[in-house]
Every structure is written in C-alpha cells, then in structure tokens.
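Inspection log for the structure reproduced underneath, given as structure tokens.
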Protein chains: 2
Amino acid sequence: MDSPQNCRHCDRNLCIHRVPLFSSLSEENLLQIAGLIQHKSFEKGELLISEGGSMESLIIIHQGRVKAFRYTSAGREQILYLFSEGDFFGEQYLFSNLRATYNVEALSPVKICLLTKSQLHKVLLTHPDVAIKLISELGKRIAQMENAFQSMGIRDVDARVATLLLDFAEKFGVDAPGGPLITLPISREGMANYLGIARETLSRKLSKFEDDGLIQSVDLKTIQVRDRDSLGDLAGLE
Amino acid sequence: MDSPQNCRHCDRNLCIHRVPLFSSLSEENLLQIAGLIQHKSFEKGELLISEGGSMESLIIIHQGRVKAFRYTSAGREQILYLFSEGDFFGEQYLFSNLRATYNVEALSPVKICLLTKSQLHKVLLTHPDVAIKLISELGKRIAQMENAFQSMGIRDVDARVATLLLDFAEKFGVDAPGGPLITLPISREGMANYLGIARETLSRKLSKFEDDGLIQSVDLKTIQVRDRDSLGDLAGLE
DNA sequence: GCTAATACCTGATTTGAATCACAGCTTTCT
DNA sequence: AGAAAGCTGTGATTCAAATCAGGTATTAGC
C-alpha cells in the first residue's frame, strides 16, 4: 500500500483535510471529493487571479503564501488579505458570475487545490451541513474584515502599526525565547500599503518601537515581539 | 378578505417578501415562515443590540434606519454599517455562540422582524436553496466591506468624502431635478467618525465641494448631488 | 414662544505624516 | 563573483489635517 498512487492520493487528501469546511463529511465523502480536486503550482511573483478575470473555482492554499490586492486610483497597491496554508478564497463568486475584484499573487512558491463551482455546488446541495459550515466561515471572514476596517478608521498611526504586528504575530509568528518571531510575508512597502501609510513612516515607527523595546529586528524579514502587552496597549485592546 | 387579521398577516409577509434571502421559497413555505416571525419596535436612540450581548435572531429592518458601531480605544464611535429598510444582519452569529461585536442603535423610529437562530437553522437544513442564497448574500456583504476597507486605505481625504457622498446617494438618495437628494441618516460627527477624520475637516470638505459646485446643501439634513461625475473622479472610480 | 442644549461652521495655530533626497544594504541575474 | 536593480533607513522640508477657539444656527424641552 505504499505505491506511488496511494501516496499521491494521500497528498490530495491533505487539501480538504485541512479546511474546516469539510470537517463534517465522512471519510467516504471526503475521498469522493478529493478525487474531484485539481492541483496547480505557482512561482513567487506569479498571479493566481487577476482583477476582472473569471472565477470558476474555490481555491485552497496547500503550501505557501499569497496576497490579495487591488490598485487604488493613485496607482498604489492596496492589500486586502494575506492567505497562507489552509486558507481558502473565491467563495464570494460561487453563486454569481461576477468577475474577480482583486488580484492574487504568490509571495512564495505556492501549491493550490481547486474545486470547481459546479462541484462545490453539488456538495452544498447534498450536504446541508457543509453549507452551514461555509456560512459560518463566511461569518468569520466578515468579522475579521470588520476589525480590519475599524483599525483603518483609527487615526493614530502607532495603533495601526501595533495592530498589524500583533496580527502578524498571531498568523505568522512562531514562539521563541524572548518572544514570538514573525517571518514577514511582505516588504515594508507592502505593509505600509496595507495600512495606508507611507513606507518611510512605517520604517520610522518600527525604529521607534525597537528603541522602546517593543520589538527587535532580527533581520530584514524577521521581527521579534518583545513586549506584547505594550503593543496591545498601543493597539488599544481592552 | 379585508378583515384586520388578514391585514396583519399581509403586514407580516412584508418582512420576508422584502428580503432576497427567501425569494426562492414558494408562497406556501413563505407563509409558514411568516408565522414564526416576531416583531419589535424601537424609538430613535434606543439600542437594538449592545456589544457583548447575545444574538439569538436574524434581524430584518422593516422600517427606519439603524447604525451599527463600536467604540475605539480613544472613545470615538466607529460606525461599521448603516442599515435601512430590507437590510438584515446578525447572520454571522447564526452558527456560533459568539457575542455581538457591535452596538446597533435606532436612528429613527424602527420596526424590525426577528427570526430565531433555531428557526432559521431548520429552514436552511430543509431548503438548501435558501442556504445558497444566504451564502451569496454574505458574499455581497464581504465585497461591500472590501470596498469600504479599501476606501479607508486611501490617504486622500477628498476621495473618501466623495466616496461617502456617492454611497449615500446610492443608498439614501431620491431623484430630483438638479440631482439626487440625500437625506443624511447621521450627523456630521457621525460621518466624520465613519471616515475616521475630524468633524471640522468634514465640514470644510463639504463647504469646498459646495463652492466647487459638486454638491448643494439644501438644509442641514439634506444634500443635493449636483455633479456626480466630478465626485466620481475625486472618488477615483475608473 | 422662550431657553437651554446641541449641532454646525469658520478662522488661527500646531502637529505629525507625506514627500523629497540620498546613502547603505540586499537580492537577483548573468 | 560582480554589476544592476530593488529595498530599506534617516534627515530636511512641506503640507494637510488635527486641534483649539469662538461664534452662529438648529433642535429639543419646558
């Protein structure tokens, strides 16, 4: 049972095993769906989706990181989401023929799993509990977006930078003595664009935070959170 | 058939007839659900929901306007949504026991229709097409939130104010000779808070827009859009 | 109808982020 | 390995929005 076929099969399973969406399905149903799933790979910098393109599938990130973004009228890149292993997207287009409203670009080599609209549609009609799970996941996405929206509305830039660092620590941080280490998925410019501030302002804030002992710059792509509580205070968490 | 009972019955129907969510249901099913619906009224200024409270029902606005908001750590009120007739909310809590993440306050006398979680749950399990409709509505909400998020990320304040005016014209505007008339649902302070800018800055922007002939202040609560295209240019629509 | 309280506008000043400019440092590509 | 292109950090300057302050309209309550 260690034949290559079987291994490939295991590999396919990984995608849907990782997505809470399908957690309610029996192993049998899971295998059925696993067979329908397509796989694709992308190099760093490649576009998975471009704004205005059609969306035919639900996309699950199997490996790597991607950013979803649009361009503002000023030509700046506005990042909307960072997705990594286990995240999925494309749900909002499942029951509409709307065009993609953002670009999605690989930040590293990426492997994705695809489930076409019509296939998922069938699953939802025959498994109402999956539909309910999806509704609940969408609710989470909305709540997350509401938080992001609110933190954008905060005028105080220190608070926004602190919020971003804490979010990153949560999503990309690994525990280490001295505090969680964040492997930054995007450049300073990317972070600044996400926050809607200038690149230089972000640099200065990070320097200041480091002077104040809140964070420690390990190397350009790695930041260590030294004082989570103070960051939390700045971010304005109650 | 003009008995009071029947009229009350019609009145109840209105709620769910107005929500696209139930559009796929047969008249028979619709009547069934209509019977389950509860009604409540609120005076201007009353809270429908407070942050941290439990959410037991889907809420449909039958009449009036409400604002959903949180308080920032600086004590400022951050408005997340304005809902009016036909809008519904509370979906994100349907399948979780999470507490409400925002307050909802009546901006005018308000009538709402309530459908409890468990009732809606039953509907979703027996009517997969309603579930699909709900997923699609949630997708729309997400898309709307993404737009709001992006416009918050725009540094240019003129663009943000212009975007708000166009959104309001769309949602609250009535056509009139000379341009759509907007009945403002919230005060200047509310608008400023929604945009994350100072009240004074908003006043100045509105004055400037009026000087430039883009809008016309009819009275304090009414603004007429005179030059939609120029507003669109400012907002950065392509 | 009058008073009080609230919302609104506008000017003067301050403040903090954007912009400009440039040098040091990385990564990439050949 | 070496050159070129792309990132990043920091100072100097500019500029736009926040804040402070005062006066005027509008609404709410008696």
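First the proteins, then the strands, lettered A, B, ... as listed; each starts at 1.
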How about K40(A): does its NZ atom have over 12 heavy atoms from other parts shown lying under 6.0 Å from it?
no
Check the distance between dG9(D)'s P and E210(A)'s CD and give it to me in whole angstrom.
9 Å
Roughly, in whole Å, what's the span from CG in D156(A) to P in dG16(C)?
10 Å
Say you draw a straight line from NZ of K117(B) to OG of S57(B); how long is it, rounded to the nearest 0.5 Å?
9.0 Å
When rounded to the nearest 0.5 angstrom, what distance separates CG in L47(A) from CG in N103(A)?
6.0 Å
I223(A) has an atom CD1; how far is it from atom P of dT8(D), in whole Å?
10 Å
Without swapping roles, check the side chain of R188(A) against the backbone of L202(A) for a donor-acceptor pair under 3.5 Å.
no
Check whether the side chains of E146(A) and Y81(B) place a donor and an acceptor atom closer than 3.5 Å, and report yes or no.
yes
Distance, rounded to the nearest Å, where I154(B) contributes CD1 and dA16(D) contributes P
17 Å
Report the distance from atom CD of E189(A) to atom CE of M191(A), rounding to the nearest 0.5 Å.
11.0 Å
Main chain of G179(A), side chain of Q224(A): is a donor-acceptor contact present, judged purely on distance under 3.5 Å?
yes
Atom pairs under 3.5 Å: protein N/O with N/O of nucleotides 19-23 of chain D:
{"from": "dT19(D)", "atom 1": "O4", "to": "R204(B)", "atom 2": "NH2", "distance (Å)": "2.8"}
{"from": "dC20(D)", "atom 1": "N4", "to": "E200(B)", "atom 2": "OE2", "distance (Å)": "3.2"}

Any donor-acceptor pair under 3.5 Å linking the side chain of Q78(A) with the backbone of S151(B)?
no
With a 4.0 Å cut-off on heavy atoms, is L220(A) in touch with a base, just the backbone sugar-phosphate, or nothing at all?
sugar-phosphate
DNA chain D contacts among residues 180-197 of chain B, heavy-atom distance under 4.0 Å:
I197(B)
Does R141(A) count as lying over the ring of F88(A), i.e. NZ or CZ under 6.0 Å from the six-ring centre, within 45 degrees of the axis?
yes
Quick one: label K208(A) by what it contacts on the DNA or RNA (base, sugar-phosphate, nothing), any heavy atom closer than 4.0 Å.
nothing
In whole Å, I'd like the distance from the CG atom of D219(B) to the C1' atom of dT26(D).
11 Å
Partner residues of D227(B) under the side chain to side chain donor-acceptor pair (under 3.5 Å) criterion, sequence neighbours left out:
S230(B)
Would you mind reading off the bend of the helix from dT10(C)-dA21(D) to dT30(C)-dA1(D) from its two end axes, five pairs each, to 10 degrees?
50°
Nearest 0.5 angstrom please: L231(A) CG to L165(A) CG, how far?
6.0 Å
Please report, rounded to the nearest Å, how far the C1' atom of dG9(D) is from the CG atom of L206(A).
11 Å
Using a strict heavy-atom distance below 4.0 Å, which residues from residues 159-166 of chain B are in contact with DNA chain D?
none
For Y93(A), what residues pass the ring-ring contact (aromatic ring centres under 6.0 Å, His included) criterion, not counting sequence neighbours?
none
So does K205(B) get a side-chain nitrogen or oxygen closer than 4.0 Å to the phosphate oxygens (OP1/OP2) of dA16(D)?
no
Any S203(A) side-chain nitrogen or oxygen under 4.0 Å from OP1 or OP2 of dT10(D)
no
Taking atom CZ of R228(A) and atom CG of D233(A), what is their separation to the nearest 0.5 Å?
13.5 Å
State whether the number of non-hydrogen atoms from other residues, nucleotides or ligands found under 6.0 Å of K171(B) atom NZ is greater than 12.
yes
Does K44(B) or V157(B) map to a spot on DNA chain D nearer the 5' end, using the closest nucleotide for each?
V157(B)
